[in-house]
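What follows is a set of notes on a single structure, which appears directly below.
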There are 4 protein chains.
Amino acid sequence: MLSTPPERTERTPPTSGLDYDVGSSKAAARIRDAACEVFAAKGYGAATTREIAAELGMSPGAVYPHYKTKEALLFAIAIEGHRNVLDVISAARDGAATPTEQLRATTIAFVRWHADRRAIARVIQHELRSLSDDHFALVADVRRATTAVFDDILAAGVAAGAFAPDDAPTATLALTSLGIDVTRWFPTKQHSDADALAQQYADIVLRIAGAR
Amino acid sequence: MLSTPPERTERTPPTSGLDYDVGSSKAAARIRDAACEVFAAKGYGAATTREIAAELGMSPGAVYPHYKTKEALLFAIAIEGHRNVLDVISAARDGAATPTEQLRATTIAFVRWHADRRAIARVIQHELRSLSDDHFALVADVRRATTAVFDDILAAGVAAGAFAPDDAPTATLALTSLGIDVTRWFPTKQHSDADALAQQYADIVLRIAGAR
Amino acid sequence: MLSTPPERTERTPPTSGLDYDVGSSKAAARIRDAACEVFAAKGYGAATTREIAAELGMSPGAVYPHYKTKEALLFAIAIEGHRNVLDVISAARDGAATPTEQLRATTIAFVRWHADRRAIARVIQHELRSLSDDHFALVADVRRATTAVFDDILAAGVAAGAFAPDDAPTATLALTSLGIDVTRWFPTKQHSDADALAQQYADIVLRIAGAR
Amino acid sequence: MLSTPPERTERTPPTSGLDYDVGSSKAAARIRDAACEVFAAKGYGAATTREIAAELGMSPGAVYPHYKTKEALLFAIAIEGHRNVLDVISAARDGAATPTEQLRATTIAFVRWHADRRAIARVIQHELRSLSDDHFALVADVRRATTAVFDDILAAGVAAGAFAPDDAPTATLALTSLGIDVTRWFPTKQHSDADALAQQYADIVLRIAGAR
DNA sequence: GATGAATGAGACTTCATTCAT
DNA sequence: AATGAATGAAGTCTCATTCAT
């Protein structure tokens with residue numbers, strides 16, 4: 001290929017949350033990162049576009065060639081974050097052989113992601129109510145795919161006799177909930193090592209699953 | 001006494017979060033409730049005092065005789081909510097004899113509180129960053145007392161040989177985290193019965209604790 | 001009547017342009033007048049709410065308790081202006097006996113209104129494209145009623161043998177057009193006396209009508 | 001000639017409105033046309049350079065090599081439009097022999113121009129207030145020349161005993177006013193044929209002039 | 001000449017809060 | 001206590017224009 005065509009926000013028609021151009025220019029990415037920090041720190045509603053621009057040394061209007069509205073920024077962040085989570089846990093699953101190993105690996109990946117990438121994690125777990133209905137639906141697609149990964153591992157483990165949860169869907173709920181809530185409190189004096197936390201939480205999750 | 005003097009926020013000097021006048025007049029309580037709904041629905045930052053007043057059929061200025069600022073309202077809600085949680089789980093603990101029964105009872109109470117009183121739960125679990133430092137400190141007092149209840153039960157159970165968690169503080173963290181995160185998602189199609197959910201979560205928590 | 005209830009903008013449901021509460025408080029009227037001047041001087045699109053407020057020594061936000069949007073202000077002005085024109089020419093017609101006298105009297109009233117009340121005249125004749133569709137429709141109701149007054153007088157004159165226009169509807173068009181265009185140019189060095197102009201234009205209109 | 005040097009606005013020093021380079025490149029002409037449409041549709045104040053560029057499939061900056069400012073564009077349009085009117089009615093006059101025929105011919109040309117070239121007509125009749133003082137003065141030169149054409153015809157007709165207006169300058173005013181106002185309303189359901197309208201208006205104008 | 005990101009100003013509007021009534 | 005107009009600050013977003021590419 002001789003030249004890459006310039007990328008534009010919103011070029012792809014909004015049909016699936018799994019592929020969607022989120023703004024691939026360098027400037028767009030910087031804006032997304034800055035917005036992420038501010039949204040995480042104050043909440044979407046209290047965050048201001050001025051502050052996002054200021055964080056980058058830009059003027060308030062400079063965001064708008066890249067993202068048409070504040071909500072479009074939130075959406076870009078949300079979609080990217082959700083896809084990243086899905087990629088990370090899918091990779092973790094694919095690197096493990098048995099359901100037990102898969103459950104451990106995916107839990108570790110999930111918890112670590114929420115501990116390491118706190119800003120984006122907070123945004124995608126707590127600011128989705130500010131999305132438009134259409135954008136929310138696209139994000140929900142990706143969320144469902146993520147949940148399905150855990151559901152499938154648990155089901156496989158149950159079928160193989162490796163797991164014995166009281167109720168499998170509730171186990172999925174509990175384990176994702178544990179991981180998600182990490183964004184609210186991590187780090188504390190007691191838990192500031194993401195790796196260690198992920199290991200401990202994986203043990204807890206195996207208990208919840210009733211792993212032998 | 002012929003008339004009760006009007007109640008004001010900030011009358012009590014802010015020394016302990018455990019006793020604090022939060023606005024005891026009927027109007028103050030109505031305002032608190034309305035604010036709670038709005039804060040929960042949109043987040044503190046995006047909520048407007050006008051909307052709170054409108055919800056009550058009041059004019060925008062009518063909130064101010066009762067609460068001097070929007071933040072004072074948040075604080076009143078936060079303190080009241082935290083004290084209520086503490087009361088509820090303390091009562092649950094006092095009604096049970098063994099650590100195992102206590103852990104089950106307090107977990108059920110904790111989960112139910114977050115499922116039943118969703119609006120206030122959401123506010124006290126996700127909007128505290130908007131408190132002033134002083135107010136936050138007062139709220140943190142009560143939070144610590146709540147955590148201590150679970151810590152003590154787990155410690156007693158371990159001492160009695162009833163529990164065998166991998167790590168007791170992490171078990172407390174996980175169980176409170178599970179309860180708190182209920183405010184984010186409850187209800188769903190799968191879980192819309194707070195009672196049933198509380199029972200299932202109690203079973204999970206006993207697994208986490210390694211109850212015999 | 002013991003007390004007048006407070007008036008609100010937009011209270012009346014928007015069903016007919018002929019009755020419509022346009023903001024009857026004193027402050028609303030002052031804002032309308034100031035807006036009128038600014039809209040006339042710069043055009044609606046180039047006029048700023050800041051400038052309107054500044055003209056009254058108010059802060060920019062002070063307009064909004066009275067008019068929810070800049071367009072609402074334009075609508076209030078437009079409706080009021082159109083109703084005023086209709087009232088003025090209706091009164092002129094009612095004060096005259098024969099079609100000839102009526103045509104002279106209404107023309108004089110129409111021309112004088114556009115010359116005397118230049119600011120509002122300019123707004124209602126040249127800024128209507130900025131109205132919302134709904135608001136435009138309400139204004140159009142009143143415009144039609146105004147045109148009908150002239151149409152009826154001409155028809156009556158023709159029936160009575162007093163007028164002999166080439167084409168009656170075109171005569172109405174021409175005479176209203178002459179009056180309306182006064183807002184564009186009046187005053188000039190040559191024509192700065194509204195009364196004199198109105199008399200001269202009435203003579204011209206009688207020629208157009210082919211009055212005997 | 002190998003290459004034409006690029007044309008620039010403002011090359012000619014602004015001394016007379018009657019000769020003035022208005023941007024003679026093809027691109028400049030296309031921009032002028034697009035701007036004309038947008039200015040006519042929304043008013044100069046509400047029109048945006050972006051929209052003008054978009055109408056041509058150009059980027060926002062692409063206008064500036066051709067016209068240094070938005071106001072320069074307005075001026076180019078205004079001058080060109082005024083000169084075109086003058087040319088058109090001068091030609092009409094020159095093609096007719098008697099004052100009566102001349103008055104009829106120029107009126108028809110004037111009315112038709114305003115009906116046919118509605119966009120530019122609207123701009124030159126209603127957006128001049130947005131010109132700089134210098135530019136306005138240049139435009140005014142051309143306007144005066146146009147008025148003089150009608151004044152001269154009327155004067156000649158009066159001298160020849162062909163016309164008997166109440167007041168000749170007022171007749172000029174009325175007839176130009178009728179023509180100009182066509183830009184505001186044409187077309188309507190009743191009048192959508194520019195030719196027919198021009199004929200009817202010419203008859204009216206002859207009545208105003210008191211033509212025998 | 002054209003592009004499109006960026007600027008600096010400023011647009012409309014909303015908001016927490018105050019205060020005369 | 002309540003009202004609601006008013007304030008001053010600020011919010012999101014747009015605009016004419018510039019400039020590196």
Side-chain angles (χ1 to χ4, degrees), chain A residues 6 8 25-28 30-31 45-53 56-73, chain B residues 6-8 25-28 31 45-53 56-73, chain C residues 6 8 25-28 31 45-53 56-73, chain D residues 6-8 25-28 31 45-54 56-73:
Chain A
R8 293 278 190 73
S25 76
K26 215 162 190 173
R30 288 181 63 228
I31 291 169
T48 73
T49 54
R50 272 174 152 74
E51 190 173 357
I52 293 165
L56 298 168
M58 292 169 126
S59 69
V63 177
Y64 289 86
H66 302 284
Y67 294 98
K68 268 200 306 257
T69 63
K70 190 182 162 192
E71 191 269 349
L73 239 179
Chain B
E7 303 288 340
R8 292 288 183 74
S25 77
K26 215 163 191 172
I31 291 170
T48 72
T49 54
R50 277 173 153 72
E51 190 173 356
I52 294 164
L56 298 168
M58 294 169 123
S59 71
V63 176
Y64 288 85
H66 300 284
Y67 293 98
K68 264 198 314 239
T69 65
K70 192 181 157 191
E71 192 267 351
L73 241 179
Chain C
R8 293 278 189 75
S25 76
K26 215 165 192 172
I31 291 169
T48 73
T49 54
R50 274 175 149 72
E51 191 174 356
I52 295 165
L56 298 168
M58 292 169 126
S59 70
V63 177
Y64 289 85
H66 302 284
Y67 294 98
K68 267 200 305 256
T69 64
K70 192 182 160 191
E71 191 269 349
L73 239 180
Chain D
E7 303 289 340
R8 292 286 184 73
S25 76
K26 215 163 191 174
I31 291 169
T48 72
T49 55
R50 277 174 154 71
E51 189 173 357
I52 294 164
L56 298 167
M58 294 169 122
S59 72
V63 176
Y64 288 84
H66 300 284
Y67 293 98
K68 264 198 314 240
T69 64
K70 190 180 159 191
E71 192 267 351
L73 241 180

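Naming convention: chains lettered A, B, ... in sequence-line order (proteins, then strands); numbering from 1 in each chain. Just so it is clear, the model here is predicted, and its values are computed rather than measured.
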Interatomic distance, [X] [atom1] vs [N] [atom2] [rounded to whole Å]:
| X | N | atom1 | atom2 | value |
| --- | --- | --- | --- | --- |
| A/Ile52 | F/dA10 | CD1 | P | 17 Å |
| A/Tyr67 | F/dT12 | OH | C1' | 18 Å |
| A/Ile31 | F/dC13 | CD1 | P | 13 Å |
| C/Lys26 | F/dG4 | NZ | C1' | 18 Å |
| C/Met58 | F/dT7 | CE | C1' | 11 Å |
| B/Leu56 | F/dA1 | CG | C1' | 14 Å |

> Looking only at side-chain N and O atoms, does B/Ser59 come under 4.0 Å of OP1 or OP2 in F/dG4?
Replying inline: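 False: B/Ser59 side-chain N/O out of range (4.0 Å or more) of F/dG4 OP1/OP2.
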>> Side-chain N or O of C/His66 versus OP1/OP2 of F/dA6: is the shortest distance under 4.0 Å?
In response: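 True: C/His66 side-chain N/O within range (under 4.0 Å) of F/dA6 OP1/OP2.
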> Which letters describe nucleotides 14-21 of chain F, given B = protein heavy atom under 4.0 Å from base, S = only from sugar-phosphate, - = neither?
Replying inline: BSBBB---
To check you understand the geometry: which heavy-atom pair defines the closest contact between [X] and [Y], and what is its length?
| X | Y | value |
| --- | --- | --- |
| A/Thr69 | A/Tyr64 | CA-CE2, 4.3 Å |
| B/Pro65 | B/Ala62 | CD-O, 3.3 Å |
| C/Ala53 | C/Val63 | CB-CG2, 4.2 Å |
| D/Leu73 | D/Ile52 | CD1-CD1, 4.3 Å |

> Nearest of E/dT3, F/dA1, F/dA5 to any side-chain atom of B/Pro65?
Replying inline: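 That would be F/dA1.
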> What pairs with A/Glu71 under side chain to side chain donor-acceptor pair (under 3.5 Å), at least two apart in sequence or on another chain?
Replying inline: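 Partners of A/Glu71 under the side chain to side chain donor-acceptor pair (under 3.5 Å) test: A/Ser132, A/His135.
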Side chain to side chain contact (heavy atoms under 4.5 Å, CB included) against [X], all qualifying residues, sequence neighbours excluded:
| X | value |
| --- | --- |
| D/Ala46 | D/Lys42 |
| A/Ala27 | A/Ser25, A/His66 |
| A/Thr48 | A/Arg50, A/Glu51 |

> Tell me, what's DNA chain E's dot-bracket, Watson-Crick or G-U with both distances under 3.5 Å, | for other-strand, [ ] crossing?
Replying inline: .||||||||||||||||||||
